2 protein chains.
Amino acid sequence: MKKESNITIHDIAKALGISGSTVSRALNNNSRISDKTKKAVRDMAKTLGYQPNALASNLRTSCTNTIGVIIPRISRYFFSSAITGIEEFAREKGFNVIICQSNDQKERESDCVQTLFASRVDGVISSVALNTDNYDHYKTFTNKNIPLVFFDRVCDELETSKVVVDDFKGGFLAAEHLISKGCKRIAHISGPQHLNLYINRLQGYLKAMRKHNIQIDKDQIIESPLNREDGLACAKKLLESSNPPDAIFAANDTTALSIILYAKDKGIRIPQDLAVVGFSNEPFSEYLSPSLTTIEQSGFDVGLKATELLLDIIQNKTGNRQETIVLPVRLIERESSNKLPN
Amino acid sequence: MKKESNITIHDIAKALGISGSTVSRALNNNSRISDKTKKAVRDMAKTLGYQPNALASNLRTSCTNTIGVIIPRISRYFFSSAITGIEEFAREKGFNVIICQSNDQKERESDCVQTLFASRVDGVISSVALNTDNYDHYKTFTNKNIPLVFFDRVCDELETSKVVVDDFKGGFLAAEHLISKGCKRIAHISGPQHLNLYINRLQGYLKAMRKHNIQIDKDQIIESPLNREDGLACAKKLLESSNPPDAIFAANDTTALSIILYAKDKGIRIPQDLAVVGFSNEPFSEYLSPSLTTIEQSGFDVGLKATELLLDIIQNKTGNRQETIVLPVRLIERESSNKLPN
DNA sequence: CTGTTAGCGCCTTCAA
DNA sequence: TTGAAGGCGCTAACAG
């Protein structure tokens, strides 16, 4: 369906008796155009209801003014709020955003890369799928010099910029919080160890344990795919063992919730709070468990920062393509946190 | 940042000793090109690693192959799953998607309209903000013949296609479910009455009440903005009255949760289940309240259907621009639904 | 400071 | 069934 013709810069030019290039330059705020002309052009553009045709401009400049985003799933709050941050910043700078979901599967992540590449995006922001263990597909971008920024779940193999939250500190705070409550036997359910994210949370936990001279029991540290099923399995294993932990620090929200659910279902009391990283933004968290202590990280901030970094690279404001930005985390202790999680 | 030059149809043409137009037609599967030539062109395209330049094509055809989406907030599960459905269908058909969030505010909704219009989208899918009470800003699209499809929260003033779920039946099922549990005094917290969605749920409720000869008490029907604060206020009003209801049917998830939270906090027993519409997809619902009965509606299906409809209109497969599609709902009764909601 | 000219890559008449 | 030519709207040299 073809649309009716629109006003172009030439219509403005004709109306003003000047040339198209002058109009173009005026509209782009080129320094070589007099202020008087600029004003005249802008006024005329407004009265004629001119809408710039990005398509033509993009074709000419071979920039799409579009960035691509690859995330595991948009339905997770952390990622949807990251999208909000990305969209907001990008739109303000005149960029559009294409979103692709990997569903946490490497295969689909590859498809996303192809899709975005074919769309000729000017740059890409990505958070890798849980089971992505090699990053060759991303070379489609790096080979063609398309800027790439990772966030949250980052890739160290590729030389790109990254935006992460302070997972080490998050792990540390979570563990120390439990220790301060008097817990000695603190289990940690960690995530896939090829992701820095989970390595760092684990290291933070270990540091807190060591700092307070608490013996670390390797049986209390479990590597999990962090899904619901495995969360329930971990809960069963830990809570029904002959020597159950005082507290559990789960490395993500799904796992923490699975544990709470399991415990509730079986009528098992968890003596202290569960700590969980990366969950406090979840809008239902206080419904879920008013006593759950969480580590706050803002998806919005992460998305915003990643976009800022990416656009800087795209616009060549910075030559440095390997910056790593670490955003702060904060422990959120809910009221009545001595109650049984419910 | 300009990118290095790419392979064009002329490179293919040169390699094959034919003209650019033939290549273009072959690639677009034009019927006037012999199968042999088509195959040769496709093969050569593959060997040369040709990537079509959508920009140029779009400029020429003045179609952007992009659709715009306006939703209240992406972080709500219903909408993020709708987005997933929209993206999936659109991408498969070669369309890109631009997402704009209104934050449930009419002002921002207007901005979204402008943004999408400036992006020259080929069509728009929208679910209106809660406080949108007039639809003039949407005329930006209809005036220019840009196809528009509403979903879930639809607008009746404008002559457009719509995709909704069967809210009437949802309301009916919810109320009848509570009646079947022996409840007589069933409160209903309804939403803004300028939205069909909530009118229909209310009507369904009323029909069920009448069918079972249950007296309708107007004090038990409350119109609410359906946010958390008002949910708590409604809970207080209903549950602490001298004659509290047997059960409450809340018209959305947030309100139902607020009520559960309030009741739990105050130690008030709600004699029967709470019914809630439009919530069963929420991934945490079973954590929140294993005994909550919900009305299932699939955001994914709604998004998919809306996109299908929109693309049909864009591609002129159908002249009918006022179709209304009603998708089915289903009541989901959780196990142990006689327990106190917790 | 402004105008002229020549494309960006593709599609689409028109002619063969 | 194919080719030639022109132009979508804009920008970026190159000239003034």
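These numbers were taken from a predicted model, which means no experiment stands behind them. Just so it is clear: chains get the letters A, B, ... in the order the sequence lines come, proteins before strands, and each one is counted from 1.
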Rounded to the Å, how far apart are [X] [atom1] and [N] [atom2]?
X	N	atom1	atom2	value
A:Ile7	D:dC10	CD1	P	11 Å
A:Arg60	C:dG7	CZ	P	10 Å
A:Asp11	D:dC10	CG	P	9 Å
B:Ile18	C:dA16	CD1	C1'	17 Å
B:Ile12	C:dC11	CD1	P	11 Å
B:Ile9	D:dA5	CD1	P	16 Å
A:Asn29	C:dT2	CG	C1'	16 Å
A:Ile33	D:dA12	CD1	C1'	13 Å

Report summary line: In short, salt bridge (Lys or Arg N to Asp or Glu O under 4.0 Å) pairs touching residues 146-158 of chain B with sequence neighbours left out are B:Asp104-B:Arg153, B:Asp156-B:Lys162

Requested in this report: Would you mind listing every salt bridge (Lys or Arg N to Asp or Glu O under 4.0 Å) that reaches into residues 26-49 of chain B, with sequence neighbours excluded?
Outcome: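 Of all non-adjacent pairs touching residues 26-49 of chain B, those that pass salt bridge (Lys or Arg N to Asp or Glu O under 4.0 Å) are B:Lys39-B:Asp43.
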
Query raised in the report: Between A:Lys139 and A:Asp136, does at least one N-O distance fall below 4.0 Å, as a salt bridge requires?
Result: yes

According to salt bridge (charged side-chain N to carboxylate O under 4.0 Å, His left out), who are the partners of [X], at least two apart in sequence or on a separate chain?
X	answer
B:Arg25	none
A:Glu87	A:Arg91
B:Lys14	none

Counting only side-chain nitrogens and oxygens, does [X] get under 4.0 Å of the OP1 or OP2 atom of [N]?
X	N	result
A:Ser19	C:dG3	yes
B:Asn28	C:dC11	yes
A:Thr22	C:dG3	yes
B:Thr37	D:dT1	no

List in chain and number order the residues that pass side chain to side chain contact (heavy atoms under 4.5 Å, CB included) with [X], two or more places apart in sequence or in another chain; answer none if no residue qualifies.
X	result
B:Thr37	B:Ile18, B:Thr22, B:Ile33, B:Ser34, B:Val41
B:Asp133	B:Lys106
B:Ala306	B:Ile125, B:Val149, B:Phe151, B:Val163

Query raised in the report: Is there side-chain contact between A:Leu327 and A:Val302, with at least one heavy-atom pair below 4.5 Å?
Result: yes

Report task. May I have the step-by-step check of side chain to side chain contact (heavy atoms under 4.5 Å, CB included) for B:Ile99 and A:Ile99, ending in yes or no? Result -> CA-CA 9 Å; B:Ile99 297 163; A:Ile99 298 163; 3.5 Å; yes

**Report entry** Rounded to 10 degrees, the angle between the two terminal axes of the helix from C:dC1-D:dG16 to C:dA16-D:dT1, each from five pairs
**Finding:**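 One end's axis against the other's: 30°.
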
Query raised in the report: What residue pairs, at least two apart or across chains, pass ring-ring contact (aromatic ring centres under 6.0 Å, His included) with a residue in residues 84-140 of chain B?
Result: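 Non-adjacent pairs meeting ring-ring contact (aromatic ring centres under 6.0 Å, His included): B:Tyr138-B:Phe150.
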
Report task. Kindly point out which of C:dT12, D:dC10, C:dG3 is positioned nearest to the side chain of A:Thr8? Result -> D:dC10

Query raised in the report: Considering only side-chain heavy atoms of B:Thr61, which listed nucleotide, C:dT2, D:dT11, C:dC11, is closest?
Result: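 Output: C:dC11.
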
Query - Sorted by number, the residues of residues 48-59 of chain B with heavy-atom contact under 4.0 Å to DNA chain C - result: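 B:Tyr50, B:Pro52, B:Asn53, B:Ala56, B:Ser57, in order of number.
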
Restricting to nitrogen or oxygen on both sides, can you table the protein-nucleotides 13-15 of chain D pairs closer than 3.5 Å?
from: D:dA13; atom 1: N6; to: A:Arg25; atom 2: NH1; distance (Å): 3.3

